[in-house]
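Heavy-atom basis, side chains included; hydrogens, waters and symmetry copies ignored. Within every chain, numbering begins at 1; the chains are lettered A, B, ... in the order of the sequence lines, protein sequences first and strands thereafter.
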2 protein chains.
Amino acid sequence: MSGGRVKLSDVARDAGVSPATVSRAIAQPELLSAETLARVRASALRLGYLPDGAARALASGRSMTIGAIVPTLDSAIFARALQSMQATLAQSGYLLLVASHEASSAAETQAVRALLGRGVDGLMLVGAERAPETTALLKASGLPVVLTWCGDGHFTAVTIDNALAGRLAAEHLIGLGHRRIGMIAGHLQFNDRQRARLEGARGALSDAGLSLPDSLVVEQALTLAGGRAGCAMLLELDVPPTALIGGIDLFAIGCLEEAHARGMTVPDDLSVVGIDGLDMSAHVSPGLTTVHVPTGRIGNLAAQTLMAMIARQPVDRERLLPVELVVRRSSQRLAGS
Amino acid sequence: MSGGRVKLSDVARDAGVSPATVSRAIAQPELLSAETLARVRASALRLGYLPDGAARALASGRSMTIGAIVPTLDSAIFARALQSMQATLAQSGYLLLVASHEASSAAETQAVRALLGRGVDGLMLVGAERAPETTALLKASGLPVVLTWCGDGHFTAVTIDNALAGRLAAEHLIGLGHRRIGMIAGHLQFNDRQRARLEGARGALSDAGLSLPDSLVVEQALTLAGGRAGCAMLLELDVPPTALIGGIDLFAIGCLEEAHARGMTVPDDLSVVGIDGLDMSAHVSPGLTTVHVPTGRIGNLAAQTLMAMIARQPVDRERLLPVELVVRRSSQRLAGS
DNA sequence: ACGTTTGCTGAAAGCGCTTTCATCAGAAGA
DNA sequence: TCTTCTGATGAAAGCGCTTTCAGCAAACGT
């Protein structure tokens, strides 16, 4: 069975046509007469013919494969974006080649090189910050590239306004009378999304005549445990904040847990706001106030944009998707304000 | 820049050697003299040579690519497994080509065909149940295949004992005096993991002289909202169960939320046990009692097994990983038992 | 009736690499 | 000194497909 895979020439012989015709039957069926096409298809089906992707890629220069490089797959955010990307691509016969770099720009460079070598037809990356070498590699390849979450004004991008997200979270809390607001952010190194969210929050506070001093900002690993730890640190300050912003929802949920574990009540004793809008955030208790980010849509649009670029259709240089504050129970007016 | 990518023959010319030598410098450097190797490497580096994966794949028959087909990427479970797979593979220069089938066996067949066509060197699949056509395709390809979570005694597998997981959850509750236990399971169609977990729980109850009637089992979509809905249905029965088993942790967490929303206290009014052992489960309140599944390890081992099979090394036909009950606060002895 | 299109198919030249197989020094053995 | 290895390299034949470029009918125009 496995001895001698069926190849295009076998189908050609079986159908009594030339290899060229079989090739056309696959890629450009409209060029063939109905009769020939039917005959070739019948032969292909009968023999169980499966085109060899490597050979097709080599001969045609297109691999029908898109590469995606994310910080990690093990994140609800990127997992969802990739899932919708993959689903969108699959409808057009594209496959997704994924790599992760775990917040290392060197690893990202290596991943780009690996994917470029594998002949992807397009590439999706997260964020705008990267090693100059990586950018050079990307540019030199001439391949369609789409940046997500953050754009750099250089490559095509599907983005959200991370700074606005941070700002919305902060403004919401300021509007509720909070004056002392803390923030838990992801490690800012090689993570422009978190930096922008932090700066957005800082800007909102500053505009309100307040401030977000470094003492009220803690950097944590992007996990729920990180959120708990960050919350603990902030609550143990001499003058703890009355409200907390999580750079990602996971942090905010960690705050909910940590506050609960300390016998505090959210939102009575502490207001908490997240950024992301995870499904889960609607279901924790109290329901998490968060800045919703259309994560699935980002993946979906990245896929569509990439396919359009491959087809040499014009695309928006940068597609900015809206973020939106969703108020739930975890935030409330500061008592006595 | 992008005009005319550097190819192997360019490097050969630049280094003053034959193409064969350059090829060897990449794949079997030990065959070359140190001097030649250095010269070739210098040329390759200077010219920025990047081997063409499609050409290599075509000529060598190996693509250095592994395929993975999961129900969805948008799940903490599969995302984690894929992340650890990808990380493991990347260390050996392999890339991961992913596809999802959203619980459709037809979509799985299509994905297998697509990946096979793309010339993957090995394939990871979830579960043992699939269309006969898919199995035939897999067998005919002669490719290394590793099944995960469930094995079928046919293909190599990295599994857990899903029935045992269900059993452990149920036995724990039985041991706490619960007699009326409900279960929320994922849709059982094309999901042998959920079926096995349900049957395991049923077996434990039956062994204890109890039963798990269909009226106490609800099927839900594998989301937190599904868990809440399932919990609501069960709690609204005339004689509601005193304890609930979630076929996945997400269900159990949904139960926690739903119970809370109804003013019930877990575990005083309802005991809840999950299966999976999500990170999150340790942090919700009350902490979720769950049967821990080594999800990351599954991905890791699947990758290692696949690479071993590709290298024609002997591998265990089925590697059964242990599951373990982790008791936290969400379950307690039934009052008055 | 004859030059033109038009529609369909075939021949053949690669795509960029790997991999026998052959070659040829120089080292080793007799 | 002459053969026999051994180690390093090159020549060349593909891997399985796509894609010009031609060719050849049949249909068209005048």
Side-chain angles (χ1 to χ4, degrees), chain A residues 2-41 43-44 47-65 93 114 116-121 141, chain B residues 2-41 43-44 47-65 93 114 116-121 141:
Chain A
S2 64
R5 176 169 156 170
V6 179
K7 58 186 70 165
L8 185 136
S9 59
D10 296 327
V11 177
R13 192 171 329 108
D14 185 85
V17 298
S18 73
T21 300
V22 179
S23 174
R24 283 191 270 257
I26 297 166
Q28 326 170 56
E30 68 279 7
L31 291 184
L32 301 185
S33 72
E35 189 207 3
T36 308
L37 183 57
R39 194 147 36 91
V40 172
R41 286 201 169 144
S43 290
L47 300 181
Y49 172 62
L50 231 187
D52 179 315
R56 297 190 73 180
L58 180 59
S60 71
R62 320 209 318 126
S63 65
M64 294 305 278
T65 298
L116 247 29
R118 227 58 59 116
V120 294
D121 294 338
S141 75
Chain B
S2 64
R5 176 168 156 172
V6 180
K7 57 185 71 164
L8 185 137
S9 59
D10 297 328
V11 177
R13 191 173 329 109
D14 184 84
V17 297
S18 74
T21 299
V22 179
S23 174
R24 283 191 270 257
I26 296 167
Q28 326 170 55
E30 67 281 6
L31 291 184
L32 300 185
S33 70
E35 190 206 5
T36 308
L37 183 57
R39 193 146 37 91
V40 172
R41 285 201 168 143
S43 290
L47 301 181
Y49 173 61
L50 232 188
D52 180 315
R56 296 191 72 180
L58 180 58
S60 70
R62 321 211 314 126
S63 65
M64 294 304 281
T65 298
L116 248 30
R118 227 59 58 118
V120 294
D121 294 338
S141 76

In whole Å, I'd like the distance from the [atom1] atom of [X] to the [atom2] atom of [N].
X: A:Lys7; N: D:dC15; atom1: NZ; atom2: C1'; result: 8 Å
X: A:Arg62; N: D:dC17; atom1: CZ; atom2: P; result: 17 Å
X: A:Asp10; N: D:dC15; atom1: CG; atom2: C1'; result: 14 Å
X: A:Arg56; N: D:dT19; atom1: CZ; atom2: P; result: 9 Å
X: B:Leu31; N: D:dG7; atom1: CG; atom2: P; result: 10 Å
X: A:Leu8; N: C:dA12; atom1: CG; atom2: C1'; result: 14 Å

Who passes side chain to side chain donor-acceptor pair (under 3.5 Å) against B:Ser60, sequence neighbours left out?
->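 Side chain to side chain donor-acceptor pair (under 3.5 Å) list for B:Ser60, sorted by chain: empty.
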Residues forming a side chain to side chain donor-acceptor pair (under 3.5 Å) with A:Ser43, sequence neighbours excluded |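 A:Ser43: side chain to side chain donor-acceptor pair (under 3.5 Å) contacts with A:Asp14.
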Could you tell me whether the phosphate oxygens of C:dG10, OP1 or OP2, come under 4.0 Å of any side-chain nitrogen or oxygen in A:Ser18?
->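 Affirmative; the distance criterion is met.
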Interface with DNA chain C, restricted to residues 22-30 of chain B and to heavy atoms under 4.0 Å =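 Listed by number, they are B:Ser23, B:Arg24.
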Which nucleotide, [options], lies nearest any side-chain atom of [X]?
X: A:Ala20; options: C:dG10, D:dC15, D:dA11; answer: C:dG10
X: B:Thr21; options: D:dT18, D:dT9, C:dC17; answer: D:dT9
X: B:Thr36; options: D:dT9, C:dA12, D:dC17; answer: D:dT9
X: A:Ser33; options: D:dG10, C:dG16, C:dC8; answer: C:dC8
X: B:Ala55; options: D:dA11, C:dG16, D:dT19; answer: C:dG16

Basic-acidic side-chain contact under 4.0 Å: B:Lys7, B:Asp10 =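 No.
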Please name the pair of heavy atoms, one in A:Ala12 and one in A:Val22, separated by the smallest distance, quoted to 0.1 Å.
->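 That would be CA-CG2, 3.5 Å.
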Can you name the closest pair of heavy atoms from A:Ser63 and B:Arg118 and give their distance?
->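 A:Ser63 and B:Arg118 have their closest heavy atoms at O-NH1, 3.3 Å.
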Quick one: does B:Arg5's side chain have a donor or acceptor within less than 3.5 Å of a partner on A:Ser141's backbone?
->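 No.
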Starting at the 5' end of DNA chain C and moving along, which residue's nearest nucleotide shows up first, B:Asp52 or A:Pro19?
->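 Between the two, 5'-proximity favours A:Pro19.
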5' priority, DNA chain D, between B:Arg39 and A:Leu58 [closest heavy atom] =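 Its nucleotide being nearer the 5' end, the pick is B:Arg39.
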Which one of A:Val11, A:Leu8, A:Val40 satisfies the side chain to side chain contact (heavy atoms under 4.5 Å, CB included) criterion with A:Ser23?
->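 So the option named by the test is A:Leu8.
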